[in-house]
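We use all heavy atoms of the structure for the numbers below, so side chains are in, but hydrogens, waters and symmetry mates are not. The first residue in the sequence is number 1, and the count goes up from there.
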Amino acid sequence: MEKQEIKILLAEDDKNLGTVLKAYLDAKKYKTTLRINGQEALEEFQKEEYDFLILDVMMPIKDGFTLAREIRETDKQIPILFLTAKSLQEDKMEGFKIGADDYLSKPFSM
């Protein structure tokens with residue numbers, strides 16, 4: 001029986017980090033799509049079906065919190081991991097309030 005391909009939408013405005021994360025996830029056999037701002041990520045999410053979202057909080061055009069709120073309006077179930085340099089407890093609580101499943105602070109180890 002063949003393993004089902006898991007599709008991840010990665011929204012990260014740091015092109016270097018985004019490229020490294022995408023390469024790592026692809027190497028682990030996930031099908032990863034990288035978008036560099038929240039608006040592009042929302043448009044991608046609306047046209048394609050994904051299993052998991054990794055969202056940077058601080059992005060241009062549309063930040064990760066706003067993006068997650070908009071996604072939660074139509075999809076309450078998709079797992080969301082916030083990836084961010086923001087480490088204040090208030091920021092984490094806001095992320096969980098929006099509907100995050102987890103919160104990973106930068107820097108981190110693969």
Side-chain angles (χ1 to χ4, degrees):
M1 183 178 212
E2 195 172 309
K3 185 176 117 178
Q4 180 183 351
E5 187 174 62
I6 296 174
K7 292 175 66 176
I8 298 174
L9 177 57
L10 169 61
E12 171 59 61
D13 67 320
D14 179 324
K15 290 181 184 179
N16 291 331
L17 178 58
T19 301
V20 169
L21 275 172
K22 181 181 180 337
Y24 179 82
L25 292 167
D26 288 346
K28 295 293 184 182
K29 306 296 185 213
Y30 297 104
K31 180 159 177 31
T32 309
T33 301
L34 172 62
R35 293 294 177 257
I36 59 168
N37 67 58
Q39 184 59 43
E40 287 182 11
L42 180 61
E43 291 167 6
E44 180 65 31
F45 179 79
Q46 291 171 334
K47 71 178 184 181
E48 195 67 45
E49 202 168 303
Y50 286 93
D51 301 300
F52 187 73
L53 305 178
I54 301 174
L55 309 178
D56 183 13
V57 171
M58 297 183 294
M59 292 186 289
I61 304 174
K62 187 183 300 272
D63 66 84
F65 284 167
T66 301
L67 174 59
R69 280 187 195 97
E70 292 177 9
I71 287 171
R72 284 290 184 234
E73 288 175 7
T74 59
D75 190 330
K76 305 266 190 244
Q77 301 300 317
I78 191 163
I80 297 175
L81 171 69
F82 281 120
L83 179 63
T84 186
K86 292 180 140 193
S87 59
L88 293 176
Q89 189 65 25
E90 295 81 28
D91 294 325
K92 289 183 181 182
M93 295 308 294
E94 178 68 15
F96 286 123
K97 187 173 131 186
I98 291 167
D101 293 279
D102 211 343
Y103 203 102
L104 185 61
S105 296
K106 297 175 190 175
F108 60 91
S109 172
M110 296 289 193

Residue pair Phe45 / Asp75, side-chain heavy-atom distance below 4.5 Å: yes
Flag the pair Leu42 / Ile71 as yes when at least one side-chain heavy-atom distance between them is below 4.5 Å, and no otherwise. yes
Would the number of heavy atoms belonging to other residues, nucleotides or ligands and lying under 6.0 Å from CD of Glu49 be above 12? no
Treat each ILVMFWY residue as a node, draw an edge where side-chain heavy atoms are under 4.5 Å apart, and state whether Leu53 and Met58 are in one component. yes
Rounded to the nearest 0.5 Å, what's the gap from CZ on Arg35 to NZ on Lys62? Could you check? 15.5 Å
Side chain Arg72, main chain Ile78, donor-acceptor under 3.5 Å: yes
What are the two closest non-hydrogen atoms of Ile98 and Ala68, and how far apart are they? CG2-CB, 3.6 Å
Of all heavy-atom pairs between Asn16 and Asp14, which one has the smallest distance, and what is that distance? N-OD1, 3.0 Å
Minimum heavy-atom separation for Ala41 to Leu67, with atom names? CB-CD2, 3.7 Å
Please examine the side chains of Met59 and Ile61, heavy atoms only from C-beta on, and report whether any two atoms are closer than 4.5 Å. no
Please tell me whether Ile36 and Val20 are part of a single hydrophobic cluster in this structure, the criterion being side-chain heavy atoms less than 4.5 Å apart. no
How long is the span from the CG atom in Asp63 to the CZ atom in Phe82, to the nearest 0.5 Å? 8.5 Å
In the structure I gave you, are the side-chain heavy atoms of Leu83 and Glu12 within less than 4.5 Å of one another anywhere? yes
Output the distance between atom CD1 (Ile80) and atom OH (Tyr50), rounded to the nearest 0.5 Å. 14.5 Å
Is the shortest distance from a Lys or Arg side-chain nitrogen in Lys15 or Asp56 to a carboxylate oxygen in the other one below 4.0 Å? no
Mind checking the CD1-CG spacing from Ile54 to Leu10? Nearest 0.5 Å is all I need. 5.5 Å
Going by salt bridge (Lys or Arg N to Asp or Glu O under 4.0 Å), name the residues that satisfy it together with Lys31, two or more places apart in sequence or in a different chain. none
Closest non-hydrogen atom pair, Asn37 against Pro60: CB-O, 3.3 Å
Check the pair Leu9 / Thr33 against side chain to side chain contact (heavy atoms under 4.5 Å, CB included), numbers first and verdict last. CA-CA 5 Å; Leu9 177 57; Thr33 301; 4.3 Å; yes
Can you tell me how far apart CG (Leu34) and CG (Asp13) are? Round to the nearest 0.5 Å. 10.0 Å
Sole candidate of Asp101, Ile8, Thr32 that passes side-chain contact (heavy atoms from CB on, under 4.5 Å) when paired with Phe52: Ile8
